[in-house]
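For reference, the structure discussed in these notes is given below.
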Amino acid sequence: MLLLVAACALQLYFLGRVLLMRVIDPASTAFQRSEAWRLLVEKHALDWRQSWADYGQIAPTLKRAVIASEDAGFVDHNGVEWDAIEKAWERNQRAEARAQRLNEQLERRAAALAGKAGAARAPTGPPPEPPKVAPKVVGGSTITQQLAKNLFLGPERSLARKAQELIVTQMLELVLDKRRILEIYLNHVEWGEGVFGAEAAARHYFRVPASQLGALPAARLAVMLPAPKRFEQRPGSAYVAGRAATIVARMGAVELP
């Protein structure tokens with residue numbers, strides 16, 4: 001009974017926070033607070049870039065690019081695209097199975113090499129662990145789901161966390177309109193280490209306000225979203241350029257809220 005009461009209280013807390021977002025711009029998200037703490041602990045400094053930009057102060061090119069890249073059905077779905085989640089789950093299962101096979105092969109190879117080395121000379125200690133191959137995990141989350149996770153939840157992957165994400169996603173869709181959801185998302189999404197929001201990203205990478213982003217710079221920013229810390233190391237890479245060109249070609253078909 002206590003667990004049930006606590007769970008209900010937590011949902012009411014989340015709902016209250018979402019209701020406030022109808023009139024108050026959220027100052028930070030759970031993900032941002034976690035990142036701020038990490039930077040303070042690891043680097044003993046907080047190099048932070050963020051500045052709120054209202055919906056009308058963000059160039060339509062960036063809105064179109066982000067929707068084209070992250071969630072083409074944003075204006076039509078109710079927060080969740082079940083087909084995309086199912087496909088992502090199947091791809092992740094195959095990736096995990098492949099990583100497990102590769103790790104088993106590496107372990108057998110390392111054991112064989114250790115056996116040969118042990119036969120040649122006296123062992124000096126246990127053989128080193130072979131490097132592990134991590135599965136390449138993909139997501140099937142919509143923009144609303146990504147916002148729900150960033151606002152309130154942690155990075156861990158579990159069924160309980162995913163269930164809570166889906167509940168908060170429905171709260172966001174019921175309480176806020178698509179325009180407000182996209183506005184909050186674009187102002188809090190990560191675009192590099194300590195770089196959050198469209199305004200900070202536009203000024204950091206292109207030295208212009210978010211309202212003046214052209215089609216190609218906007219598309220380049222959209223490409224970075226799945227892995228901003230990795231792409232910020234090489235924002236002009238061939239992959240970013242090629243993917244950005246694809247997004248530019250799709251932007252004309254995007255409907256904005």
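Keep in mind that what you see is a predicted model, and the values were worked out from it rather than measured. These numbers come from the heavy atoms of this one structure, side chains and all, not from hydrogens, waters or symmetry mates.
- With rounding to the nearest 0.5 Å, the separation of OG1 in T144 from CG in L172 is 7.0 Å.
- In this structure Y185 satisfies the ring-ring contact (aromatic ring centres under 6.0 Å, His included) test with no other residue, sequence neighbours excluded.
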For residues 6-19, dump all side-chain donor-acceptor pairs below 3.5 Å to protein atoms at least two apart in sequence or in another chain.
residue : atom : partner : partner atom : Å
Q11     : OE1  : Q164    : NE2          : 2.8
Q11     : NE2  : A7      : O            : 3.4
Q11     : NE2  : Q164    : OE1          : 2.7
Y13     : OH   : R17     : NH1          : 2.6

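- The side chain to side chain contact (heavy atoms under 4.5 Å, CB included) search around E255 returns V75, not counting sequence neighbours.
- Without hydrogens or angle criteria, T142 side chain to G79 main chain gives a donor-acceptor distance under 3.5 Å.
- Cluster membership for L176 and I167, using ILVMFWY side-chain heavy atoms within less than 4.5 angstrom, is shared.
- For D76 and K178, the salt-bridge test fails: no basic side-chain N is under 4.0 Å from an acidic carboxylate O.
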Distance-only donor-acceptor pairs under 3.5 Å for side chains of residues 199-208, two or more places apart:
residue : atom : partner : partner atom : Å
E199    : OE1  : A210    : N            : 3.2
E199    : OE2  : R203    : NE           : 2.6
E199    : OE2  : R203    : NH2          : 3.1
Y205    : OH   : W191    : O            : 2.6
R207    : NH1  : R203    : O            : 3.2
R207    : NH1  : H204    : O            : 2.3

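- A 4.5 Å side-chain heavy-atom check between M21 and L151 finds at least one atom pair inside the cut-off.
- In terms of the salt bridge (charged side-chain N to carboxylate O under 4.0 Å, His left out) criterion, D177 has no residue partners (sequence neighbours excluded).
- In this structure the side chain of I143 never reaches within 4.5 angstrom of the side chain of V189, judged on heavy atoms.
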> Taking it one step at a time, do T169 and Q145 satisfy side chain to side chain donor-acceptor pair (under 3.5 Å)?
Replying inline: CA-CA 5 Å; T169 295; Q145 284 176 267; 5.1 Å; no
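- Alongside L46, the hydrophobic cluster contains F31, L39, L40, W48, F196 (criterion: ILVMFWY side chains under 4.5 Å).
- In terms of heavy-atom proximity, H77 sits nearest to D71 at NE2-OD2, 2.8 Å.
- The side chain to side chain donor-acceptor pair (under 3.5 Å) test with E193 is passed by exactly one of K229, Q233, K43: K43.
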Under 3.5 Å, which donor-acceptor pairs do the side chains of residues 216-226 form with other protein atoms, sequence neighbours left out?
residue : atom : partner : partner atom : Å
R220    : NH1  : P235    : O            : 3.3

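- When the side chain to side chain contact (heavy atoms under 4.5 Å, CB included) test is applied to R33, the partners found at least two apart in sequence or on another chain are S28, A30.
- In this structure, CD on Q146 lies 12.0 Å from CD on E190, to the nearest 0.5 angstrom.
- Sorted by first and then second residue, the ring pair (Phe, Tyr, Trp, His ring centres under 6.0 Å) pairs with a member in residues 214-253 read F231-Y239; sequence neighbours excluded.
- I184 and V80 fall into different hydrophobic clusters, where Ile, Leu, Val, Met, Phe, Trp and Tyr residues are linked whenever their side-chain heavy atoms come under 4.5 Å apart, directly or through other members.
- Listed here is the closest heavy atom pair of N187 and E183: ND2-O, 2.9 Å.
- Nearest heavy-atom pair, V175 versus R22, reported as atom, atom and distance to 0.1 Å: CG1-CD, 3.4 Å.
- Going from atom CD of E35 over to atom CG of N150 covers 10.5 Å, rounded to the nearest 0.5 Å.
- Residues meeting the salt bridge (charged side-chain N to carboxylate O under 4.0 Å, His left out) test with D47, sequence neighbours left out: R49.
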In a table with atom names and distances, give each donor-acceptor pair under 3.5 Å that connects a side chain of residues 242-250 to protein atoms at least two apart or in another chain.
residue : atom : partner : partner atom : Å
T246    : OG1  : G242    : O            : 3.3

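- Side chain of Q32 to main chain of T29: a donor-acceptor pair is present (N/O by atom type, distance under 3.5 Å, no hydrogens or angles).
- Of all heavy-atom pairs between S141 and E165, the closest is OG-OE2, 3.9 Å.
- Distance check, rounded to the nearest 0.5 Å: CD of E81 to CZ of F74 gives 11.0 Å.
- Cluster annotation: L256 and L186 are assigned to the same hydrophobic cluster (Ile/Leu/Val/Met/Phe/Trp/Tyr, side-chain heavy-atom contacts under 4.5 Å, transitive).
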Which atom pairs, one a donor and one an acceptor, fall under 3.5 Å between side chains of residues 60-68 and the rest of the protein, sequence neighbours left out?
residue : atom : partner : partner atom : Å
T61     : OG1  : L213    : O            : 2.7
K63     : NZ   : Y55     : O            : 2.8
K63     : NZ   : I58     : O            : 3.2
R64     : NH1  : V254    : O            : 2.5

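- Taken from CG in D54 to OG in S211, the straight-line distance is 11.5 Å, to the nearest 0.5 Å.
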